[in-house]
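To find a chain, count down the sequence lines: A is the first, B the second, and so on, and within it residues start at 1.
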Protein chains: 2
Amino acid sequence: MAGDLQKRRIPEATVARLPVYLRILLELAESKTATISSERLAELAGVNAAKVRKDLSYLGSYGTRGVGYDVEYLLFQMSRELGLNHDWPVVIAGIGNLGSALANYGGFTERGFPVAALVDADTTKVGRSLGDLEIRHVDELPQLVDELGIAIGVIATPAHVAQGVADKMAEAGIHSVLNFAPAVITVPDGVSLRKVDLAVELQILSFYQQHRHEQTV
Amino acid sequence: MAGDLQKRRIPEATVARLPVYLRILLELAESKTATISSERLAELAGVNAAKVRKDLSYLGSYGTRGVGYDVEYLLFQMSRELGLNHDWPVVIAGIGNLGSALANYGGFTERGFPVAALVDADTTKVGRSLGDLEIRHVDELPQLVDELGIAIGVIATPAHVAQGVADKMAEAGIHSVLNFAPAVITVPDGVSLRKVDLAVELQILSFYQQHRHEQTV
DNA sequence: GCGACTTTGTGAATGTGTGAACGAACTCAC
DNA sequence: GTGAGTTCGTTCACACATTCACAAAGTCGC
């Protein structure tokens, strides 16, 4: 009885896979596929079929035994669960090489994450335009967050200022941060943080490359 | 006796953290810090101290009880384990927005992953220069890999051609692939694959943002 | 050289994630 | 409506990862 309200806490590993399923379902919907089995979906997602069924079961019992999952319905439920039934405006901090590329990269807006603001600490950059956005000073974050309803902050600054920017974002009321800077940063409780570190990814690959021979002796 | 050779197989989770420790150690070395305790290193890496010790123990017993780890020595051992005692030339496939940014982003070369070649399938792009590299046609991959000793391929193409590029890379003898395209791709046995999907990261953040209220009732 | 203190390295306990297996629930042909 | 076939949802056992707790092994002051 006590555990009734909190019935389903979705495991982190599952949460990380849901967006992959979602993208596949979108493609299936586009190609007019009405239903999909866990087996086929698993194949497309590159995972085990049992895992797909378990993952989807956290969302509810949306499948039909003997048939599979209704693509449209599953899409609807999954979008709802992922919070994708509305847009989440994003601010990008640090308009250097990477920041500019991210700002120009259409993929964000397309998937419901419109780039609503750009900020930088460099006053020579402030005022310039990129696409149809003007670069603002990082100290204007609070107003920008407030006015534009910004929920997510993307950090594309040099490593040594990343923590400072994260602090400002948290202070401005941003609860989700995606960090591209090659630095470990911390955020207050209640703020979600994810990181993408390109060099780290390459180094992981390097490790396995290095050990490829030793491994399969 | 049989398990002697294969004494230490480093867990995946540990491998993913080693590059983070490495970066911190580099910073410590730069600031002339001679030794570091697992506790302090844990703090800097944002993890648990016991985890640090266990992770480092997979590399060997390089710490000194009562003292900590010698920064320089640990750096040396870790670099060796990660295969970072020499450069790993990289080819970037797909010179669009993201590909260009990656090519210009100095961070790769700086960390031992020089961008040695750029390829694209678009013949109007082939022949153009970016930085000091000329864009080559993707069909030249085998020669480029061979001549330049390329070990790692980075896919920054549109999703619908990513699998094809991955196939060509594997065929050309590349054993490590980093995929930025928003698509699930597969590679042959013996080839390592990692992915970075920006939209997926944002959607994961969106999930937790969506559930933030429900969670902490 | 001894005792107080520090810090590593690892065994054991706990928590999280995965995959096989199987009953339950559905479709379809006849 | 019955039987054969399909596919989901869930249980169970196991593998992997994390954290605690503590003996072992060092330092340092005197």
Side-chain angles (χ1 to χ4, degrees), chain A residues 3 6-21 24-25 28 33-75 77-78 81 204 207-208 215, chain B residues 3 6-21 24-25 28 33-75 77-78 81 204 207-208 215:
Chain A
Q6 188 73 345
K7 194 206 157 189
R8 46 180 199 197
R9 195 200 114 267
I10 304 186
E12 239 179 272
T14 295
V15 173
R17 281 189 294 268
L18 291 182
V20 177
Y21 301 145
I24 293 168
L25 289 171
L28 289 169
T33 309
T35 64
I36 178 100
S37 70
S38 61
E39 186 133 8
R40 180 92 183 94
L41 184 49
E43 192 183 319
L44 293 171
V47 301
N48 179 296
K51 203 185 282 187
V52 168
R53 289 200 294 278
K54 186 166 281 186
D55 284 344
L56 297 185
S57 77
Y58 287 113
L59 305 179
S61 281
Y62 298 144
T64 308
R65 299 171 192 217
V67 179
Y69 298 89
D70 182 283
V71 172
E72 286 291 346
Y73 188 57
L74 192 53
L75 258 179
Q77 293 294 348
M78 196 175 286
E81 195 75 24
I204 294 172
F207 172 89
Y208 287 111
Q215 219 152 326
Chain B
Q6 189 72 349
K7 193 207 158 188
R8 44 181 202 195
R9 195 201 113 268
I10 305 187
E12 240 180 271
T14 294
V15 172
R17 280 188 296 266
L18 290 182
V20 177
Y21 301 144
I24 293 168
L25 290 171
L28 289 170
T33 309
T35 64
I36 178 100
S37 70
S38 60
E39 186 135 6
R40 181 91 182 94
L41 184 49
E43 193 184 317
L44 294 171
V47 302
N48 179 296
K51 202 186 282 187
V52 169
R53 289 200 294 279
K54 187 155 277 192
D55 284 345
L56 296 185
S57 77
Y58 288 113
L59 305 179
S61 281
Y62 298 143
T64 307
R65 299 172 192 219
V67 180
Y69 299 88
D70 182 281
V71 172
E72 286 292 346
Y73 188 56
L74 192 54
L75 257 179
Q77 292 295 348
M78 198 176 286
E81 196 74 26
I204 294 171
F207 173 89
Y208 288 110
Q215 219 151 326

Task: Nucleotide interval of DNA chain D bounded by contacts with chain B (heavy-atom cut-off, under 4.0 Å) - done: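 Contact span on the strand: dA17(D) to dT27(D).
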Whole angstrom is fine here: how far is it from [atom1] in [X] over to [atom2] in [N]?
X: N48(B); N: dA13(C); atom1: CG; atom2: P; answer: 18 Å
X: E39(B); N: dT8(C); atom1: CD; atom2: P; answer: 8 Å
X: R9(A); N: dG17(C); atom1: CZ; atom2: C1'; answer: 11 Å

Open item on the list: I'd like to know if the side chain of T64(B) reaches the main chain of V67(B), judged simply by a donor and an acceptor atom lying under 3.5 Å from each other, with no hydrogens or angles considered.
Closed with: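 Not a single qualifying donor-acceptor pair exists.
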Task: Y21(A) side chain near V47(A) side chain, heavy-atom distance below 4.5 Å - done: yes
- [ ] Among V52(B), I24(B), L41(B), find the residue that satisfies the side-chain contact (heavy atoms from CB on, under 4.5 Å) test when tested with I36(B).
- [x] L41(B)
Open item on the list: Counting only heavy atoms and a strict 4.0 angstrom limit, can you tell me which residues of residues 54-74 of chain B come near DNA chain D?
Closed with: K54(B), R65(B), V67(B)
TODO: Answer with base, sugar-phosphate or nothing: what part of the nucleic acid does A50(B) contact at a heavy-atom distance below 4.0 Å?
DONE: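 Base contact - A50(B) has a heavy atom under 4.0 Å of at least one base atom.
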Open item on the list: More than 12 heavy atoms of other residues, nucleotides or ligands under 6.0 Å from CD of E39(B): yes or no?
Closed with: no
Output the distance between atom [atom1] ([X]) and atom [atom2] ([Y]), rounded to the nearest 0.5 Å.
X: T35(A); Y: L74(A); atom1: OG1; atom2: CG; result: 11.0 Å
X: L75(A); Y: D70(A); atom1: CG; atom2: CG; result: 9.0 Å
X: N48(A); Y: S38(A); atom1: CG; atom2: OG; result: 9.0 Å
X: T14(A); Y: F207(B); atom1: OG1; atom2: CZ; result: 9.0 Å
X: E81(B); Y: L56(B); atom1: CD; atom2: CG; result: 11.5 Å

Pairs under 3.5 Å (N/O, protein and nucleotides 28-30 of chain C):
none

Open item on the list: Ring centroids only, cut at 6.0 angstrom: are Y69(B) and Y62(B) within range, meaning strictly under it?
Closed with: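 No, the ring of Y69(B) stays outside the 6.0 Å limit from the ring of Y62(B), centre to centre.
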TODO: Determine the minimum heavy-atom distance between E12(A) and Y208(B), stating which atoms define it.
DONE: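 Looking at all heavy atoms of both residues, the shortest contact is CG-OH, 3.1 Å.
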Task: R17(A) vs dT18(C): side-chain N/O to OP1/OP2 distance below 4.0 Å - done: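 Affirmative; the distance criterion is met.
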